[in-house]
There are 2 protein chains.
Amino acid sequence: MLKLTKKADYGLIAMKHLAEHGEQCAISAKDLAEAYGIPQEALAKILQRLVRGGLLVSQQGTKGGYVLARNPRLISVLEVIRVIDGPLLLTACSEGDADCDHATLCTVREPLRKVSLSIQQVLSKLTIWDLREPKLSEAEKQAPSFSPALVKLGDTVVMPPQGDLPRS
Amino acid sequence: MLKLTKKADYGLIAMKHLAEHGEQCAISAKDLAEAYGIPQEALAKILQRLVRGGLLVSQQGTKGGYVLARNPRLISVLEVIRVIDGPLLLTACSEGDADCDHATLCTVREPLRKVSLSIQQVLSKLTIWDLREPKLSEAEKQAPSFSPALVKLGDTVVMPPQGDLPRS
DNA sequence: TCAAGTCCGACTGAATCAGTCGCATATCTA
DNA sequence: TAGATATGCGACTGATTCAGTCGGACTTGA
């Protein structure tokens, strides 16, 4: 459980590839699909969602393809996942109580919601750029875009949020 | 996506209830189900898994029911989820490469695995006891069983900023 | 020994996921 | 201008997983 869907997986692979190679020219869905052994049509649908989500820009026509809409250092993994798979919630029942009939009875939702927030924050700190080269993460430590941080559960989170968030 | 199944949800609710009330006598699946409006048989199955997983002890017979196998302070949320829903993996393809045909091509797996580990650390730090009373978590801060967790992402430590999330 | 009460394993609809197909639209090149 | 190439979009199908139900096996207490 708690696993990402293949769609999100494919989406991240594509985004990472575009971050690495798509600097100049657009890359077509076909090329991406062939490069990673992903079904073309499936990937195309995912890329379309990313376009609608504002993370990619598409270019139609013969020399068309996809390009990142922003600097990869400003696109978080969380955004990609959220665009493809929808909002990620840890608890089965969403924020609204209306749909959950035992809202008043269910007493674990609140603590779990906090855990969910922690996970989201971890994912929001990781950018597409960070996926690029794992070995570079050491060097990235100094970079302002990826600063050290502390995770605390319960209702308190210590340490000032010095790090700038990737996009808000 | 990335949401817990209802089963895990029910399981956590039950564990929490047992941590609060099941000190002396065993509590039957029926009582638990009625208390939270959960289908009896569905809950029973979940409780059975928790027994097999070594987190609960079952007592058959007229006055039977379930009791926690260990101190609730020593049972992590991660354990409960893992017993009910199986090992939680962020990536679609598991650790073994055999089943994933584009193992060599998929380049995002390694960074995602680290994220997965971070999430697991967060969940393993949270115990059933911590779910008990959210208001007490402030006091629990001093308790040795619940020390501030540090989430490490790869070689760098990542921190969720407090307060609100980056909306996208 | 009987009966009440409980745990336990197999089974059946329902929902979601992964991938496919076909057609419309836009752009570039000859 | 016509053809080739590429994205954009909706509907569809098979497979997997989830949620919940049913009947049987076991233990306990009178």
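For the numbers below, each heavy atom of this structure counts, side chains included, while hydrogens, waters and symmetry mates do not. Here is the naming used below: chain letters follow the sequence lines, and residue numbers restart at 1 for every chain.
Checked against side-chain hydrogen bond (donor to acceptor under 3.5 Å, both in side chains), S76(B) has no partners two or more places apart in sequence or in another chain.
Atom NZ in K6(B) sits about 13 Å away from atom P in dC18(D), given to the nearest Å. Rounded to whole Å, the distance from CG on D85(A) to C1' on dA18(C) is 12 Å. Remark: C1' of dT17(D) and CD1 of I84(B) are 16 Å apart, rounded to the nearest angstrom. Rounded to an integer number of Å, the gap from CD of Q40(A) to P of dG19(C) is 14 Å. In this entry the distance linking NZ of K63(A) with P of dT7(D) reads 12 Å, nearest Å. The interatomic distance linking K7(B) (NZ) with dG20(D) (C1') rounds to 9 Å, in whole Å. The distance between atom CD1 of I27(A) and atom C1' of dT5(D), rounded to the nearest whole Å, is 17 Å. Rounding to whole angstrom units, NZ of residue K30(A) and P of dG8(D) are separated by 17 Å.
The side chain of P39(B) has dG20(D) as its nearest neighbour among dG20(D), dC18(D), dA18(C). Comparing dG8(D), dG19(C), dG29(D) by their nearest atom to the side chain of Y10(A) picks out dG19(C).
Residues S116(B) and I119(B) have side chains not in contact (no heavy-atom distance under 4.5 Å, counting atoms from C-beta outward). Taking the side chain as every heavy atom from C-beta outward, I128(A) and L18(A) never approach each other to under 4.5 Å. Using a 4.5 Å heavy-atom threshold, the side chains of V77(B) and T127(B) count as separate.
Taken residue by residue, residues 41-60 of chain B places heavy atoms nearer than 4.0 Å to DNA chain C at E41(B), K45(B), Q48(B), R52(B), S58(B), Q60(B).
Judged by distance alone with a 3.5 Å cut-off, no donor-acceptor contact links the side chain of T62(A) to the base of dT29(C).
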Pairs of donor and acceptor atoms involving the side chains of residues 43-72 of chain B, under 3.5 Å and at least two apart or interchain, shall be tabulated with distances.
| residue | atom | partner | partner atom | Å |
| --- | --- | --- | --- | --- |
| Q48(B) | NE2 | A44(B) | O | 3.3 |
| R49(B) | NH1 | I84(B) | O | 2.4 |
| R70(B) | NH2 | L74(B) | O | 3.4 |
| R70(B) | NH2 | E79(B) | OE1 | 2.9 |
| R70(B) | NH2 | E79(B) | OE2 | 2.9 |
| N71(B) | OD1 | R73(B) | N | 2.8 |

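Sorted by first and then second residue, the pairs that involve residues 11-31 of chain A and meet ring-ring contact (aromatic ring centres under 6.0 Å, His included), not counting sequence neighbours, are H17(A)-H21(A), H17(A)-Y36(A).
Here the closest heavy-atom approach between residue K7(A) and residue D85(A) is recorded as CB-OD1, 4.4 Å.
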